[in-house]
Amino acid sequence: MNEQAKSQQIKTLEFTLHLNATQAATIDRWLDVQRWVWNEGLALLKDFESQRHYNKHDKAYAPCCPIPWEYHWGKDEKGKWQLERPYSVIAEGKRRYPPKCRTLRPVRLERDSEYSLTPLFAYKLHPDKPWMKDCPYKMTQGTIKLLATSWAEYRKGKRKSPRFKTTKGRYTNKTLNDTQSGNARIEGDRIRLPKLGWLKVRSLAKRWPAGVEVKSYRIKKDPSGYYLFLVGAIAGEKPKPSDKVCGLDAGVVHLLNDDAGKHIDIPYPLQRRLKVLKRLSRKASRQQRGSANQAKTYARIAKLHEKIRRDRKAWHHKITTFAVRKFGGIAVEALNLAGMGKRPKPKPKEDGSGYERNMATAKSGLNRKLRDAGIGAMYNLLEKKCKVFERQFSKVPAAYTSQTCNHCGVVDSASRKSQSEFECVHCGHTQNADANAAMNICDAAFPEYRRSYPAWAGERKKPVELASVQAKKQEAGLPAPRSDAPPISKSSREQVDFIAETG
């Protein structure tokens, strides 16, 4: 049977909310509350990171909690740690002193930020803030959990430090998160949320399966309106097993190049709308600052940026879904995208009269195209889908993949004649440069599927292995050349055209 098996998967579905004026005003007010919670929590974490206490036993500095001295840690009836109110200095005839350090458990905050950050708000969220009671506390918990996750990733070195939320601009608060199950009730095309009542959601009954519980939900405010994200365990199609492998090489002319010589392009969403963006930006700069007309122009610019982002994300989903359905193993390059997108350094003249030409203008166009393609976001999405669908995903070091001949295995920079032309200076093998790099990526990740290609002259020549070549290949982690490579299997040889399939 060709029918694919069904499996329960945690999915997130996006819906458009149709709100009245009262509901929209309530959500805007809650967004301001959560912005305050985020900023206060981030300020506490930064204060915690900046304060230090010298530990004589370890002979090192340990972080100190910014909680005032009169607060202390204690256990409740269930045995959970919480922040308690000030205790009496004299109790039962015994004098108790506050601790030397401002916290009794500095390690707990480092190990579990989510549950330790919540007690930090115990002395911040006083009853003298009645506007806090208007917003559901579970949304406040969702904001704290999101901040704790961002802070933990920052401390591990996986991302930059979280930023403070602003009232305007790029870093404003746009989402409300409720991570608790059972807070949403669905009836037809309506959903009931705490303190908001019944909300109209188009095509909710059609897209959301009946009887599936909403594990969590998120409300997001975009320039084009309000959107609802529902998370639940939904039955989805599990792709059938595949023994095909694929190597993908990212390029500038073509977004992706596979090892079968096929190319796939993305209609760069920013590049196609760059002319309109420049025109609107010039129009906004000429209008009176703070006027209603300038606000309308900025609203058009924001909607255009949202359209660009959605188009790019849709193409990423389309490409990655096709890849995980067709191939059982996918290999890509481990690119240093941050280094690739840097501006060139200035070159001072020898006489000190100025600077040499460093092609900064040309490099700026390349950087814009790299960011427009979103290669890093697409690779992250591909890795997540491979994990969900149990596909093998590998990242190969990018060093020398475009300089190595897939025919004889010799590394030589002179073989790369141009952006698209590759001609080995040792064996004379010619091929598209991106396809040759994709083959090297695939061979390095899946050596059991290593190919054997005939030479362009009709006779395979013996590879030339120099000492410098061997050192380069060992440093790059590429496989050694094999003259007696076994023929590739039929299933691995049948590569599917990306353009024809993704249509």
Side-chain angles (χ1 to χ4, degrees), residues 10-39 129-147 165-232 234 292-311 313-314:
I10 302 298
K11 293 186 177 182
T12 303
L13 300 186
E14 181 181 1
F15 302 90
T16 303
L17 282 175
H18 300 275
L19 308 175
N20 54 35
T22 304
Q23 293 170 343
T26 302
I27 291 178
D28 292 343
R29 187 167 61 251
W30 290 356
L31 288 173
D32 292 337
V33 172
Q34 298 310 315
R35 176 178 57 84
W36 180 88
V37 171
W38 176 281
N39 290 341
K129 300 181 178 63
W131 44 270
M132 286 293 300
K133 300 180 180 180
D134 179 49
C135 183
Y137 183 66
K138 292 182 178 180
M139 288 188 176
T140 302
Q141 288 180 325
T143 303
I144 294 174
K145 182 178 180 180
L146 185 62
L147 175 60
K165 302 294 184 180
T166 59
T167 56
K168 294 181 180 180
R170 178 181 177 184
Y171 299 105
T172 184
N173 187 34
K174 300 177 182 178
T175 58
L176 297 171
N177 299 277
D178 190 339
T179 58
Q180 303 293 330
S181 299
N183 290 341
R185 185 156 61 96
I186 297 176
E187 290 184 4
D189 285 341
R190 300 190 307 164
I191 183 171
R192 183 178 178 84
L193 301 180
K195 293 190 178 183
L196 277 177
W198 290 100
L199 306 179
K200 295 181 180 180
V201 183
R202 184 177 299 175
S203 68
L204 179 60
K206 181 180 179 181
R207 296 178 56 196
W208 188 262
V212 176
E213 182 185 11
V214 178
K215 293 185 174 296
S216 63
Y217 69 90
R218 185 170 75 252
I219 299 176
K220 184 178 181 181
K221 181 182 179 181
D222 274 339
S224 60
Y226 297 86
Y227 297 90
L228 176 67
F229 296 83
L230 301 180
V231 181
I234 303 176
N293 289 333
Q294 191 185 51
K296 293 178 183 178
T297 306
Y298 280 133
R300 290 183 60 187
I301 295 175
K303 288 183 180 180
L304 196 56
H305 278 293
E306 180 188 355
K307 178 65 175 176
I308 293 171
R309 174 177 55 83
R310 288 182 176 273
D311 286 356
K313 187 176 180 181

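Fair warning: this is a prediction, and the values are worked out from it, not measured in the lab.
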Closest approach of Thr172 to Thr167 (non-hydrogen atoms, all atoms of both residues): OG1-O, 3.7 Å

Of all heavy-atom pairs linking Phe15 and Ser203, the shortest is CE2-O, 4.0 Å

Calculate, to the nearest 0.5 Å, the distance between atoms OG1 and CG belonging to Thr179 and Leu146 respectively. 10.0 Å

Apply side chain to side chain contact (heavy atoms under 4.5 Å, CB included) to the pair Arg192 and Glu187, showing each step before the final yes or no. CA-CA 8 Å; Arg192 183 178 178 84; Glu187 290 184 4; over 6 Å; no

Is the count of non-hydrogen atoms from other residues, nucleotides or ligands lying under 6.0 Å from Lys195 atom NZ greater than 12? yes

Quick check: are there more than 12 heavy atoms from other residues, nucleotides or ligands sitting under 6.0 Å from NZ of Lys307? no

For the CZ atom on Arg202, are there more than 12 heavy atoms of other groups (residues, nucleotides or ligands in this structure) within a distance under 6.0 Å? no

In Å and rounded to the nearest 0.5 Å, what is the OG1 to OH distance from Thr16 to Tyr226? 13.5 Å

With distance as the sole test, does Asp189 use its side chain to make a donor-acceptor pair with the main-chain N or O of Ala205 at under 3.5 Å? yes

Rounded to the nearest 0.5 Å, what's the gap from CG on Asp178 to OG1 on Thr143? Could you check? 10.0 Å

Before giving the answer on side chain to side chain contact (heavy atoms under 4.5 Å, CB included), spell out for Arg35 and Asn39 the whole-Å C-alpha distance, their side-chain angles and the decisive distance to 0.1 Å. CA-CA 6 Å; Arg35 176 178 57 84; Asn39 290 341; 3.8 Å; yes

Report the C-alpha separation of Lys221 and Ile27 in whole Å, then their side-chain angles, then the decisive distance to 0.1 Å, and conclude whether the side chain to side chain contact (heavy atoms under 4.5 Å, CB included) test is met. CA-CA 9 Å; Lys221 181 182 179 181; Ile27 291 178; 5.6 Å; no

Quick one: pull up NZ in Lys145 and CG in Asn177 and give me the separation to the nearest 0.5 Å. 9.5 Å

Test your reading of the model: is there a side-chain donor-acceptor pair from Glu306 to the backbone of Ser224, 3.5 Å cut-off? yes

Would you check, one step at a time, whether the test side chain to side chain contact (heavy atoms under 4.5 Å, CB included) holds for Thr26 with Gln23? CA-CA 5 Å; Thr26 302; Gln23 293 170 343; 5.6 Å; no

Between CG on residue Leu228 and NE2 on residue His18, distance to nearest 0.5 Å: 11.0 Å

Using a 3.5 Å distance criterion without hydrogens, assess whether the side chain of Arg207 forms a donor-acceptor pair with backbone atoms of Glu14. yes

Measure the NZ-NZ distance between Lys174 and Lys165 for me, rounded to the nearest 0.5 Å. 8.5 Å

Side chains of Ile219 and Leu193: does their closest heavy-atom pair fall under 4.5 Å? yes

